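This report concerns only the one structure given below.
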Amino acid sequence: QLFCEEDDCTRQAAHALSNFLHMQADHQEDIGAAAALRAYYTRIALVEQLALARESREFVDQQSSRQNAAVQQGLPAGVDLTSFERTRLEIEDQVLQLRSQDRQLRCLLAQLAKVDYDMSAIEHEQLEIFQCPLDCQRLKQQALTLRHDLRGWRYLACQVNETSAPIFAKMLSSIVGGFGLPLPTISGLKQLLCPPDYSCLAANMQYELQLTVETHRKWICQAVDEKCCKLQLAYERIRLAEQTVESWRTRISQLERLDDSGDGQPGERATAQSELLKARADEIRRRLDAKLAEVDLAEASGGLRDRCCAGQAWLLTGYE
């Protein structure tokens, strides 16, 4: 619109810059899609954490009643009775924090997805992690093709000429910090008598844009590598957390058999149950970490907005 009354070459340069900005806007929508996914899956994890908090509170109340009943019967308490109240207060504080976090994420998700998700009123998917192999080398190649920001810089580098260079320099200096390429000062009379020489500016900008493209390529490949490693580590940590949960369940089964035979130790089963609840909470956190790592990888791979809007699987593994 600013250059609609200018000559054809100037309008073509403005059109090229508009296309570049559209590509950068598409990249920002990929970032927005990733933020929405993070908020969505974090809220699902919060639902699980709130359910586990309620279960923990019921367990504390049960153990507190059992110990108080034993004291009333004249038996010594196996644990500090005041510890139950402190644990109950810790759980209540955790619930308040979880609910506050959920409200914040609900507002963020409503802004990003234009939908107000009430997790208590709708069915939502489970926070399940399906560990899949990753082809990081192919993911890097896909990212170099799909990333809208890189495509924008490549496109702009191909559009530089003596006419477009000053327009690009003026606009880019205000939107991306510029390239350190000062425009030559030209008086109105000189500009009227002879066309200004922007050949040096065009050559310098061409060099800077090519350098920007190459630097961006390296950064994207490094980011995909890092996200792949982070996701693979998250998968491994889930496996360890699941083994820890199963180990505590096995221990509780052993203690139940000892109690049935009269050989159990007072309070030992309650301690094991408490440790199981902690292990389950840690397992939820690790599943969330893995899901967020998947989102990070999907964002680094590019094209996330397009896959989400098309109803396709948003996570690329390199084996598609």
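FYI, the numbering just counts along the sequence from 1. In this text the structure is predicted, and so the values were computed from the model without any measurement.
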Check: [X] side chain, [Y] main-chain N or O, donor-acceptor pair, under 3.5 Å:
X      : Y      : value
Glu242 : Leu240 : no
Thr215 : Leu211 : yes
Ser247 : Gln243 : no
Glu283 : Ile238 : no
Ser18  : Ala14  : no
Thr212 : Glu208 : yes
Arg307 : Gly302 : yes
Arg286 : Arg237 : yes

Sequence neighbours excluded, which residues qualify as salt bridge (charged side-chain N to carboxylate O under 4.0 Å, His left out) partners of Arg305?
Asp26, Glu29
Within a strict 4.5 Å, meaning less than it, do heavy atoms of the [X] and [Y] side chains meet?
X      : Y      : value
Cys229 : Glu226 : no
Trp153 : Met23  : no
Gln24  : Asp149 : yes
Phe168 : Gln159 : yes
Glu55  : Arg280 : yes

Among Glu92, Glu85, Glu90, find the one that has a salt bridge (charged side-chain N to carboxylate O under 4.0 Å, His left out) with Arg88.
Glu85
Minimal non-hydrogen separation, [X] against [Y], with atom names:
X      : Y      : value
Ala36  : Leu112 : N-CD1, 3.5 Å
Ala34  : Val295 : O-CG1, 3.5 Å
Leu156 : Leu17  : CD1-CD1, 4.4 Å
Ala53  : Ile91  : O-CG2, 3.6 Å
Leu127 : Ala45  : CD2-CB, 3.7 Å
Leu297 : Val224 : CD1-O, 4.1 Å

Suppose clustering is done on Ile, Leu, Val, Met, Phe, Trp and Tyr with side-chain heavy atoms closer than 4.5 Å. Which residues sit in the same group as Ile252?
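Joined to Ile252, directly or through intermediates: Val245, Trp248, Leu276.
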Among Leu231, Leu139, Leu134, which residue meets the side-chain contact (heavy atoms from CB on, under 4.5 Å) test with Thr317?
Leu134
Drop me the distance from Arg54's CZ to Leu50's CG, to the nearest 0.5 angstrom.
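Atom-to-atom, Arg54:CZ and Leu50:CG are 6.0 Å apart.
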What pairs meet the salt bridge (charged side-chain N to carboxylate O under 4.0 Å, His left out) rule with one or both residues in residues 30-41, with sequence neighbours excluded?
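Checked against salt bridge (charged side-chain N to carboxylate O under 4.0 Å, His left out) - neighbours excluded - the pairs reaching residues 30-41 are Arg38-Asp296, Arg38-Glu299.
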Please determine whether side-chain hydrogen bond (donor to acceptor under 3.5 Å, both in side chains) holds for the pair Asp8 and Gln12, giving the CA-CA distance in whole Å, both sets of side-chain angles, and the decisive distance to 0.1 Å.
CA-CA 6 Å; Asp8 288 343; Gln12 289 176 4; 5.9 Å; no
Would you call Arg287-Glu48 a salt bridge at under 4.0 Å N-O?
yes
Donor-acceptor pair between Ser164 and Asn161 side chains, under 3.5 angstrom
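Note: Ser164 and Asn161 side chains meet the donor-acceptor criterion.
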Run the side-chain hydrogen bond (donor to acceptor under 3.5 Å, both in side chains) check on Gln254 and Arg257 step by step: do they pass?
CA-CA 5 Å; Gln254 294 172 349; Arg257 289 194 295 270; 5.7 Å; no
Could you go through Lys278 and Asp282, starting from their C-alpha distance and side-chain angles, then the distance that decides it, and tell me whether this counts as salt bridge (Lys or Arg N to Asp or Glu O under 4.0 Å)?
CA-CA 6 Å; Lys278 293 179 182 178; Asp282 185 58; over 6 Å; no
Might you work through the side-chain hydrogen bond (donor to acceptor under 3.5 Å, both in side chains) test for Gln210 and Glu214, ending with a clear yes or no?
CA-CA 6 Å; Gln210 292 293 349; Glu214 185 59 29; over 6 Å; no
